Each structure stands twice: as structure tokens, then as C-alpha cells.
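Take a look at the structure set out below.
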Protein chains: 2
Amino acid sequence: MAKEPEDTIASRISRVLADRIVRGELSAGLRLRQDHIAEEFGTSHVPVREAFRRLEAQGLAISEPRRGVRVASFDLKEVREVAEMRAALEVLALRHAAKHLTPAILDAAEEATREGDAAADVHAWEEANRRFHTLILAPCNMSRLLASIDDLHAASARFLFSAWRSGWEKRTDHDHRAILLALRQGRADEAASILERHVQWIGRAPKSTQKGAVAPDAFAIVG
Amino acid sequence: MAKEPEDTIASRISRVLADRIVRGELSAGLRLRQDHIAEEFGTSHVPVREAFRRLEAQGLAISEPRRGVRVASFDLKEVREVAEMRAALEVLALRHAAKHLTPAILDAAEEATREGDAAADVHAWEEANRRFHTLILAPCNMSRLLASIDDLHAASARFLFSAWRSGWEKRTDHDHRAILLALRQGRADEAASILERHVQWIGRAPKSTQKGAVAPDAFAIVG
DNA sequence: CTTCTCCAAATTATAGATAATTTTTGATTC
DNA sequence: GAATCAAAAATTATCTATAATTTGGAGAAG
């Protein structure tokens with residue numbers, strides 16, 4: 001057993017690189033040299049180039065012909081753009097998912113919220129947050145929509161991690177609970193409008209401090 | 001001069017293949033054999049594989065490891081999904097674009113609508129239709145959003161071409177004109193809601209006739 | 001100190017080879 | 001004649017080696 005679900009080398013590489021970029025281990029603008037990466041993964045450059053194409057499509061890397069591939073940079077404008085796209089698409093997904101939501105799913109989503117509240121660091125919080133959103137949206141059963149949302153979520157997480165590089169304090173996610181309450185009571189429209197506002201909080205007036213650091217309070221809700 | 005804007009062979013291949021898939025020249029389920037394609041384009045298989053990754057990300061092809069790549073199939077459910085995503089994202093784009101629209105842009109969009117009304121075949125109509133949408137949305141200046149809309153537009157066009165394989169009759173696009181009128185009068189919200197309804201007409205009850213052919217009238221508006 | 005030339009490094013792409021896997025074909029059996 | 005299983009062919013996925021092109025910088029000339 002113990003067979004890995006990643007079948008091609010290229011997909012494994014793109015997954016690992018995407019994770020590193022999102023977590024901030026590879027900083028914006030950094031050049032991704034195919035030969036180095038090939039060496040690290042013990043492969044040739046061919047699957048590496050395929051992985052680059054995938055990252056490019058996800059918006060995590062940009063490729064300039066004959067000049068190589070580098071980690072995509074992102075500014076506040078793009079963060080807002082991603083937040084608005086997520087808001088629009090997650091609302092759509094929730095509208096379709098609502099009628100398929102079961103109490104069991106809502107309980108699992110509530111558990112995810114609790115885990116987020118208890119998270120020790122930003123990575124644990126993000127993992128729980130992502131699970132919450134996935135749980136309530138997946139029942140829409142629209143694969144293309146869910147894939148797009150997933151890519152946007154990764155872009156959001158990247159911003160979140162970069163902003164919260166240092167310092168993390170526990171908080172309680174009231175929006176998640178309000179969404180769940182509305183869903184339990186069958187008020188799907190209200191749940192959707194809370195979700196819309198909730199997601200759009202990302203990238204709102206980060207008020208960077210002197211040294212480029214960012215004030216954590218500006219992101220009271222980053223779901 | 002006459003230098004082509006496509007710099008890498010891989011991007012050229014993916015563009016040509018995407019066009020063929022959208023136009024229906026490559027039918028759903030067809031296997032894309034890398035060596036054959038490599039031979040056709042006079043290249044090796046490496047850029048072909050890169051092109052495959054791009055097509056996969058666009059949802060035009062699906063790749064099964066060790067079993068190769070085939071043209072993605074699509075059913076009515078996915079067409080509706082794409083239509084709803086387009087509606088959500090185009091509304092978002094228009095809301096941001098509205099304040100940057102100039103009379104010159106609106107005139108160009110009106111000209112595109114006229115060309116669509118006069119189109120001799122479905123390909124000419126689609127080209128004009130696409131130009132209309134691009135013209136009024138591009139000023140939102142959100143590159144990621146516009147790229148997503150473009151991919152969705154390609155998926156829509158694919159469905160349109162497959163449904164309208166035989167038979168094409170001229171029509172007048174009242175929705176486009178209503179959108180332009182609302183924009184000229186500064187009623188962006190109304191323009192957005194017409195656009196939302198307009199785009200969602202795609203994939204509504206195609207009522208296929210006996211032989212799998214589709215009744216053109218079912219797609220009175222396919223924008 | 002600026003500008004120019006030239007060289008090294010990196011990317012893009014070609015060609016050919018190999019192992020693994022899928023598909024097809026063919027032979028054998030019931 | 002149909003079904004089944006094995007051999008053969010085709011295809012994918014990958015590696016190695018190499019050519020062409022381009023960028024970027026090091027060092028020389030003004």
C-alpha cells in the first residue's frame with residue numbers, strides 16, 4: 001500500500017512549489033531555475049517545465065519567454081481582485097450547495113471553526129478556515145467552479161501568510177458562526193450575503209506600518 | 001517585420017489546439033497524441049506536453065496519467081456551470097469597468113453589436129459578440145479576472161459552435177443594446193443586471209430534437 | 001566614469017533512447 | 001462461434017545529450 005496519489009512527477013513538483021510559494025518560502029520575484037529544481041527532485045528539466053506551466057495558470061508564477069520563470073509578485077490591488085472574485089464565486093457556489101447541506105456537514109463545518117479559533121499559528125488557522133469553506137461549498141457539485149475557488153483561496157492564503165509573517169493572536173470567527181446559523185435555519189440568502197462580505201474583508205486597508213510590516217488588526221477577518 | 005507575437009512554440013501549439021477544440025474540429029473524447037501533434041508542428045514532444053498542460057488548465061483537455069490526453073467532453077450541466085460563473089464574474093468586471101467607460105468605447109461596442117447582427121455565420125457572430133464583451137469589461141483593469149472570463153468565454157463558444165453546427169440565422173441582439181443604453185445613461189447597476197441575465201441564457205433548455213440535433217430557437221440569446 | 005565588446009550562464013528546443021503501461025491483435029480453448 | 005488469455009504494437013513518460021538564442025555581467029577602451 002502507501003501508494004502516493006500523485007502520479008506524474010510534474011504534478012508532484014507543481015504541488016510542492018505551489019505550497020512553498022503560498023507559504024512564503026519562495027518570495028515574490030525569485031527566479032525559479034529549472035535545472036536547480038530538476039536536480040532537487042532528481043529529475044530532468046522536462047517535468048519541471050510542465051510544472052511551471054501549471055503554476056503559471058494558477059497565477060503563482062510568471063514566465064517571460066527566454067528569460068525564465070519567477071515567483072509572481074502580488075500587490076494590494078491584486079489581493080482585492082482575488083477577494084472580489086472569491087466573493088462572487090463562493091456566493092454562487094453556496095447558493096447551489098445550500099439545498100444539499102446536511103446537519104452532518106454543518107456540524108463538521110462548526111468543528112472546523114472551533115479548530116480555527118484554537119489554532120496556534122496562522123498555518124493551522126488557514127487550514128481550518130479552508131476546510132470550513134470547502135465543507136459548505138463542495139456540495140454544490142460544480143467541479144470547475146470549485147477548482148477556480150481553490151486557486152483563488154491559495155492566492156488569498158499567500159497574502160495572509162505574508163502579512164502575518166510575525167505575530168499571531170487567537171481570535172474567534174463570528175462570521176463563520178453566523179453563516180452556519182443562517183444555513184441551519186434555512187436562510188440561504190442571508191448566509192450568502194454574510195459570506196460575500198466575509199470574504200471581501202481580505203485586503204481591506206492593511207495600513208502597513210513603517211518598515212513594511214503590516215498591522216495584524218487590520219485583518220480582523222480574513223476568511 | 002511580420003514577427004509573430006507568440007514567442008514560444010508551446011504557446012503557439014496550445015493556442016492552435018484550443019482554437020480547434022473550441023471550433024469543434026477536434027471532437028470531445030478524441031485522443032491527442034503527442035507524437036502526431038509534434039510531427040504536425042515540426043517540433044519535438046516537449047513543447048507539446050507543455051501545451052497540454054495549458055489546455056488542461058483551461059478545461060479544454062483532460063489528462064489521465066499514463067493514458068494520455070484527450071479533448072474534454074462537456075455536458076449541459078457544465079455549460080450551465082460556465083454560464084453562471086461567467087455571469088457572476090462579468091457582473092463584477094462591469095461594476096468596476098463602468099466608471100472608466102468612455103463614449104468612444106461605447107461607440108465601438110455598438111459597432112461590434114451591429115457587426116454581430118449582420119454576421120453571416122456563427123463564427124463571425126461569436127467574434128463580434130466576444131469583442132462586445134471584451135470592450136465593455138476590459139476597462140475594469142483586473143487582469144486575473146479578465147483572464148478567467150476569457151477562458152469561460154472559450155468554453156461558452158465551444159458549446160455554441162457545437163449546438164449551431166448546422167443552420168444559422170441572423171438575429172438582433174436586444175440585450176447588447178439595452179446594456180449600452182443603460183451604460184450611456186450612467187445606470188451601471190441596471191446594465192449589470194441585464195448582463196447577468198443575458199449571459200445566463202446560455203445553456204437554458206436546449207430541447208434537442210430527434211437526431212441529436214439542437215433546435216436553434218432554444219438559444220435566442222447566447223451572449 | 002561611461003560605453004562597448006565578448007564570454008559565461010540560463011532558457012528554449014531537438015533528437016534519440018528506455019522503461020512502463022495501455023491497447024490491439026492473435027491464438028487457443030470451451 | 002464466442003470468450004479468454006497471452007504476445008505484439010503503440011503510446012506515454014521520462015532521461016540524457018546537445019544546439020541555438022538570449023540575458024547579464026566582466027573587463028577593456030575611450
Side-chain angles (χ1 to χ4, degrees), chain A residues 1-21 25-73, chain B residues 1-21 25-73:
Chain A
M1 301 298 157
K3 199 182 66 180
E4 315 197 357
E6 301 148 342
D7 244 334
T8 69
I9 296 180
S11 71
R12 199 180 104 236
I13 295 175
S14 82
R15 213 169 307 195
V16 172
L17 290 183
D19 194 56
R20 285 186 195 162
I21 294 172
E25 295 168 22
L26 300 174
S27 53
L30 191 75
R31 292 187 63 171
L32 297 175
R33 270 173 282 234
Q34 57 183 14
D35 287 347
H36 295 196
I37 295 169
E39 195 180 5
E40 182 196 334
F41 286 87
T43 72
S44 75
H45 67 97
V46 180
V48 175
R49 294 181 62 77
E50 290 183 55
F52 282 171
R53 278 295 152 83
R54 178 90 202 281
L55 295 173
E56 213 186 340
Q58 287 177 296
L60 294 176
I62 51 173
S63 152
E64 297 162 279
R66 299 264 165 205
R67 299 190 65 187
V69 175
R70 47 181 67 231
V71 178
S73 60
Chain B
M1 301 296 158
K3 198 181 66 180
E4 315 197 358
E6 301 148 343
D7 243 335
T8 70
I9 295 180
S11 70
R12 199 181 104 237
I13 295 174
S14 83
R15 213 167 307 196
V16 171
L17 290 183
D19 194 57
R20 286 186 195 163
I21 294 172
E25 295 168 22
L26 301 174
S27 53
L30 192 76
R31 293 185 61 172
L32 297 174
R33 271 172 280 232
Q34 58 182 18
D35 285 350
H36 295 197
I37 294 169
E39 195 180 6
E40 181 195 336
F41 285 87
T43 73
S44 73
H45 57 92
V46 179
V48 175
R49 294 182 63 78
E50 290 184 55
F52 282 171
R53 275 296 154 83
R54 179 91 202 280
L55 295 173
E56 213 186 338
Q58 287 178 297
L60 295 177
I62 52 173
S63 151
E64 297 163 280
R66 296 264 160 208
R67 299 190 65 186
V69 175
R70 47 182 66 230
V71 177
S73 59

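Naming convention: chains lettered A, B, ... in sequence-line order (proteins, then strands); numbering from 1 in each chain. For clarity, every value in this text was computed on a predicted model and none was experimentally measured.
With salt bridges taken as basic N to acidic carboxylate O contacts below 4.0 Å, none links R53(A) and E50(A). Between E64(A) and R70(A), at least one side-chain N (NZ, or NE/NH1/NH2) sits under 4.0 Å from a carboxylate O, which counts as a salt bridge.
Atom CD1 in I9(A) sits roughly 14 Å away from atom C1' in dT16(D) (whole-Å rounding). Whole-Å rounding puts the R33(B) CZ to dT12(D) C1' distance at 12 Å. Taking atom CD on E39(A) and atom P on dC15(D), their separation rounds to 13 Å, with Å as the unit. For the pair F52(B) CZ and dT11(D) C1', the computed distance is 12 Å after rounding to whole Å. Computed from coordinates, the R12(A) CZ to dT14(D) C1' distance equals 13 Å when rounded to whole Å. Atom CD in E50(A) sits about 7 Å away from atom P in dT14(D), given to the nearest Å. Per the geometry, CG belonging to D35(B) stands 17 Å off P belonging to dT23(C), to the nearest Å. The separation between R31(B) atom CZ and dT23(C) atom P is 6 Å, rounded to whole Å.
Nearest-nucleotide positions on DNA chain D place T43(A) closer to the 5' end than the other of T43(A) and R70(A). Where S63(A) and P65(B) each meet DNA chain C at their nearest nucleotide, the meeting point lying more 5' is that of S63(A). Residues H45(A) and R67(A) each lie close to DNA chain D; by heavy-atom proximity, the contact nearer the 5' end of the strand is made by H45(A).
Closest to the side chain of R49(B), from the set dT11(C), dT14(C), dT14(D), is dT14(D).
Residue-level contact check: R66(A) touches the bases, meaning some heavy atom is under 4.0 Å from a base atom.
The nearest pair of heavy atoms linking A72(B) to G59(B) is CB-O, 3.6 Å. The shortest heavy-atom contact between S14(B) and L55(B) is O-CD2, 3.6 Å.
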